[in-house]
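As the structure is a prediction and not an experimental result, all values here were calculated from the model. Along the sequence shown, the residues carry numbers beginning at 1.
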Amino acid sequence: MNITLNVDEKLIKKARKKAIQQNTSLNKLVQQWLQNYTGKSASSASERYKAMMTNLNYVQTGKKFSREELNER
């Protein structure tokens with residue numbers, strides 16, 4: 001279903017830019033927000049994990065860490 005919203009053009013441009021930086025779309029972010037708002041977010045732990053990993057897909061470490069580096073405190 002399509003809906004029409006009245007939102008300030010500058011706000012939409014900023015939101016689209018941020019969505020691109022997160023390797024997602026404004027449409028996907030709105031869908032996620034609506035799911036969270038209505039309490040119909042991912043129901044299983046695996047679905048929540050997949051959604052989180054998708055949202056964090058833009059993060060790049062720049063190198064592969066050793067076991068020792070990962071366990072440092």
Side-chain angles (χ1 to χ4, degrees):
M1 175 192 302
N2 292 322
I3 62 171
T4 301
L5 301 171
N6 291 318
V7 181
D8 181 68
E9 189 174 338
K10 290 178 184 177
L11 182 59
I12 293 292
K13 286 181 181 181
K14 286 181 181 180
R16 281 192 174 132
K17 185 176 179 179
K18 188 169 183 175
I20 289 169
Q21 291 171 348
Q22 296 177 350
N23 292 324
T24 190
S25 67
L26 187 55
N27 185 59
K28 183 70 175 175
L29 292 172
V30 170
Q31 286 179 359
Q32 289 174 348
W33 181 83
L34 286 170
Q35 287 175 339
N36 290 334
Y37 182 72
T38 60
K40 296 182 180 177
S41 59
S43 58
S44 73
S46 65
E47 289 174 350
R48 288 192 306 272
Y49 173 78
K50 288 177 188 175
M52 179 186 69
M53 293 308 288
T54 299
N55 287 336
L56 295 174
N57 192 28
Y58 68 94
V59 176
Q60 303 218 356
T61 61
K63 72 171 197 167
K64 190 166 185 152
F65 293 96
S66 70
R67 173 178 237 134
E68 292 77 23
E69 289 174 316
L70 291 172
N71 290 318
E72 285 180 4
R73 296 186 190 238

* What's the spacing between Lys18 NZ and Gln21 CD if we round to 0.5 Å? -> 8.0 Å
* Do Leu26 and Met1 belong to the same hydrophobic cluster, where Ile, Leu, Val, Met, Phe, Trp and Tyr are linked whenever their side-chain heavy atoms lie under 4.5 Å apart, directly or via other members? -> yes
* Asked: How many angstroms lie between atom CG of Asn23 and atom CG of Leu56, to the nearest 0.5 angstrom?
  -> 11.0 Å
* Hey, does Gln32 have a side-chain heavy atom less than 4.5 Å from the side chain of Leu29? -> yes
* Student check: side-chain heavy atoms of Lys13 and Glu9 closer than 4.5 Å -> yes
* Mind listing the closest non-hydrogen atom pair of Ser25 and Ala19 along with its distance? => C-CB, 3.8 Å
* **Glu69, CD atom: more than 12 neighbouring heavy atoms under 6.0 Å** => yes
* **Separation of Asn27 CG from Asn2 CG (nearest 0.5 Å)** => 8.5 Å
* Give the intermediate values and the outcome of side chain to side chain contact (heavy atoms under 4.5 Å, CB included) for residues Thr24 and Thr54. => CA-CA 8 Å; Thr24 190; Thr54 299; 5.9 Å; no
